[in-house]
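What follows is a short report on a single structure.
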Amino acid sequence: MTSTATVGPDAGETIVDWYETAARDLPWRRPGVDAWAVLVSEVMLQQTPVARVEPVWREWMARWPTPGALATVPPADVIRAWGKLGYPRRALRLREAAVAVVERHGGVVPADVSALEALPGVGTYTARAVACFGYGQPQPVVDTNVRRVVARLVHGRAEAGNARAADLADIAALTPPDARRATRFSVAAMELGALVCVAGTPRCGACPVRDRCAWRLAGCPPHDGPPRRVQKFAGTDRQVRGRLLDVLREAHEPVDAAALEAAWEDAVQRGRCLDSLLADGLVEQTDDGRFTLPT
DNA sequence: CATTCGTGGTC
DNA sequence: TGACCAAGAAT
C-alpha cells in the first residue's frame, strides 16, 4: 500500500500559511478591534457582501462604539443607519443584543459561546466567530465558505449540502493542533472559500491545497444532487417589505396609508406585508393611524 | 428540515 | 437578461 491520501491537519497548516500572504485587509480584522466591533461586523456580514458592509460598519462603529451606546438608541435610528444592507430585522436584533449585553453582561460582550448564542440574532456561526475573531479562542467556525471548502477538499463533492451538526467535526479534523494556529485557521478557511474556492468557477490554480483536494483528484465531478433553487425576489413579499420600509426610512415624520400605496400596487399584498412589518417591530402605528419607524 | 427574510453586483 | 450568489438566524 502506498498512501491513503486522507486530508488532515497538514492541509490546515498549509491553509494558514497561505492566509498570511493572501488575506484581505478588512477593517474588522485590524489589531485593537474589540469583540463588539467583531459582533457588529458578523451580523452585518450575514448573507451580505463585504463591499456593502464596509462603509456601514465604519459608520456604526463611529456612532456606537460600545454595546451601551447602541442599547439606548431608538430602533428608528438603527433601522435608518442599517440603510440598504438588507434583512433589516438584523438591525433590530443587533440592538436587542446590545441591550442584552448591557443587562446580562455588564456591557461587555461575553466570550463564552453559549452566552453569545443566547443573544438575539446570534446563532451557531456568529457565536463562534465572535469567540474566535474577537477573543482569539481556537473555536471551529463554519460558514458557507467553509462548508464549500470542506465539501471539495475532504469529501470530493462540487457543492456543500445544507449546514449539519457534523460540519464542526469535519473542520476540526483539518485544524492545526497548536491553539494559535487553530485560531488563525478558522479565518483562513473562510478566506480560502471567499477568494479561491468560490461558488462559481473556483480558481484552483491559486489554491494552496489543490494537490490534496479530493474533488480535483476525482476529476472535478459536477454536482449530482438536486439543484438547490435560487430564491426569487421580484414580486415577493420581501420586495414589497423593502419598498414599504424604504418609504418610511426616507420620511422623517409619520406617513399615512396613502403614502404607502405608492410603494406597491397590489393592496392585498401591501397590507399583508405592512402587517408583517408591524409584527416584526420594524414599523409602528401612531395613535392617529399613521405609520412610522419604531421610536 | 424547509422556508422566510433584502439588496445589488456579477457573469 | 436573468440566474446566481453574498461571513445565517429564526421558526
Side-chain angles (χ1 to χ4, degrees), chain A residues 19 23-24 26-29 37-57 79 82-94 96-97 116-134 139-149 158-167 171 186-195 197-203 223 226-249 263-264 269 272-273 275-277 279-283:
Chain A
Y19 179 78
R24 290 168 292 178
L26 301 176
W28 43 85
R29 287 179 180 167
V38 170
L39 174 58
V40 173
S41 77
E42 291 302 337
V43 172
M44 289 182 173
L45 286 163
Q46 291 167 4
Q47 301 286 283
T48 307
V50 165
R52 220 177 309 165
V53 166
E54 263 205 56
V56 182
W57 180 84
I79 294 167
W82 193 256
K84 307 203 78 173
L85 282 183
Y87 296 143
R89 292 187 298 190
R90 290 183 294 168
L92 240 37
R93 293 192 181 124
L94 190 47
E96 289 164 10
L116 284 162
E117 277 184 324
L119 299 174
V122 177
T124 305
Y125 162 77
T126 304
R128 284 167 179 76
V130 171
C132 185
F133 311 150
Q139 293 285 346
V141 178
V142 178
D143 74 332
T144 182
N145 291 307
V146 172
R147 294 208 326 279
R148 187 172 54 250
V149 168
E159 293 179 22
N162 293 323
R164 301 168 297 116
D167 290 338
I171 200 65
S186 289
V187 220
M190 287 177 57
E191 193 76 339
L192 186 65
L195 298 181
C197 195
V198 295
T201 307
R203 311 129 115 78
H223 175 64
R228 63 187 195 96
R229 51 180 179 277
V230 58
Q231 288 192 52
K232 292 299 177 202
F233 178 64
T236 63
D237 285 2
R238 293 207 319 291
Q239 182 180 24
V240 179
R241 285 166 54 105
R243 291 271 190 91
L244 292 171
L245 214 52
D246 212 20
V247 172
L248 294 173
R249 270 193 304 257
W264 196 256
Q269 189 178 19
R272 179 175 68 238
C273 290
D275 284 345
S276 75
L277 287 170
D280 284 346
L282 283 164
V283 175

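Chain A is the first sequence line, chain B the second, and so forth, proteins listed ahead of strands; every chain is numbered from 1.
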Heavy atoms of chain A, cut-off under 4.0 Å: which first and last nucleotide of DNA chain C, 5' to 3', fall inside that, if you could look?
-> C/dA3 to C/dA10
A/Q231: partners by side-chain contact (heavy atoms from CB on, under 4.5 Å), with sequence neighbours left out | A/Y87, A/R238
Base, sugar-phosphate, or nothing: which does A/W28 touch, judged by heavy atoms less than 4.0 Å apart?
-> base
Please measure how far the C1' atom in B/dC1 lies from the corresponding atom in C/dT11, and state the result in whole Å.
-> 11 Å
NA contact type, A/R228, heavy-atom cut-off 4.0 Å: base, sugar-phosphate, or nothing?
-> sugar-phosphate
C/dA7 and B/dC11: how far apart are their P atoms, nearest whole angstrom?
-> 15 Å
Base, sugar-phosphate, or nothing: which does A/T236 touch, judged by heavy atoms less than 4.0 Å apart?
-> nothing
For A/L277, report the nucleic acid contact type (base, sugar-phosphate, nothing); a contact means any heavy atom under 4.0 Å.
-> nothing
A/R164: what forms a side-chain contact (heavy atoms from CB on, under 4.5 Å) with it, not counting sequence neighbours?
-> A/A166, A/D167, A/D170
If you look at every strand shown and take non-hydrogen atoms under 4.0 Å, does A/V122 touch a base, only sugar-phosphate, or nothing?
-> sugar-phosphate
Residues which pass side-chain hydrogen bond (donor to acceptor under 3.5 Å, both in side chains) with A/T236, listed by chain and number, not counting sequence neighbours = none
Describe the nucleic acid contact of A/T126 in one word from base, sugar-phosphate, nothing, applying a heavy-atom distance below 4.0 Å.
-> sugar-phosphate
Please work out if A/T144 contacts a base, only the sugar-phosphate, or nothing of the nucleic acid, heavy-atom cut-off 4.0 Å.
-> sugar-phosphate
With sequence neighbours left out, write down each residue that passes side-chain hydrogen bond (donor to acceptor under 3.5 Å, both in side chains) with A/R24, or none if nothing qualifies.
-> A/E191
Specify the residue among A/Q47 and A/K232 whose closest nucleotide of DNA chain C lies further upstream toward the 5′ end.
-> A/K232
Would you please name every residue forming a side-chain contact (heavy atoms from CB on, under 4.5 Å) with A/D275, sequence neighbours left out?
-> A/L278
Where each residue is assigned the nucleotide of DNA chain B containing its nearest heavy atom, which of A/D246 and A/N162 is assigned the position nearer the 5′ end?
-> A/N162
With heavy atoms under 4.0 Å as the rule, sort A/A199 into base, sugar-phosphate or nothing.
-> sugar-phosphate
Among residues 85-93 of chain A, which residues get a heavy atom nearer than 4.0 Å to DNA chain B?
-> A/L85, A/G86, A/Y87, A/P88, A/R89
Counting any heavy atom closer than 4.0 Å, what does A/R272 reach on the DNA or RNA strands: base, sugar-phosphate only, or nothing?
-> nothing
Might you point out which heavy atoms bring A/G281 and A/L92 nearest each other, and give the distance in Å?
-> O-CD2, 3.4 Å
If every non-hydrogen atom of A/G193 is compared with every non-hydrogen atom of A/R148, which pair is closest and at what distance?
-> O-NH2, 2.9 Å
Determine the contact category for A/R229: base if any of its heavy atoms lies under 4.0 Å from a base atom, sugar-phosphate if only primed atoms, P, OP1 or OP2 are that close, otherwise nothing.
-> sugar-phosphate
Can any side-chain N or O of A/R203 pair as donor or acceptor with the backbone N or O of A/L195 at less than 3.5 Å?
-> yes
Contacts of A/S186 meeting side-chain hydrogen bond (donor to acceptor under 3.5 Å, both in side chains) (sequence neighbours excluded), chain-then-number -> none
Does A/W57 have any ring pair (Phe, Tyr, Trp, His ring centres under 6.0 Å) partners at least two apart in sequence or in another chain, and if so, which?
-> A/W28
Which pairs of donor and acceptor atoms, one on a side chain in residues 37-45 of chain A, lie under 3.5 Å apart (sequence neighbours left out)?
from: A/S41; atom 1: OG; to: A/V38; atom 2: O; distance (Å): 2.7
from: A/E42; atom 1: OE1; to: A/Y125; atom 2: OH; distance (Å): 2.6

Considering only the C1' atoms, how many Å lie between C/dA6 and B/dC5, rounded to the nearest integer?
-> 15 Å
With a 4.0 angstrom cut-off to heavy atoms of chain A, pull out the first and last contacting nucleotide of DNA chain B, in 5'-to-3' order.
-> B/dA2 to B/dG8
What pairs with A/V187 under side-chain contact (heavy atoms from CB on, under 4.5 Å), at least two apart in sequence or on another chain?
-> A/Y19, A/R29, A/F133
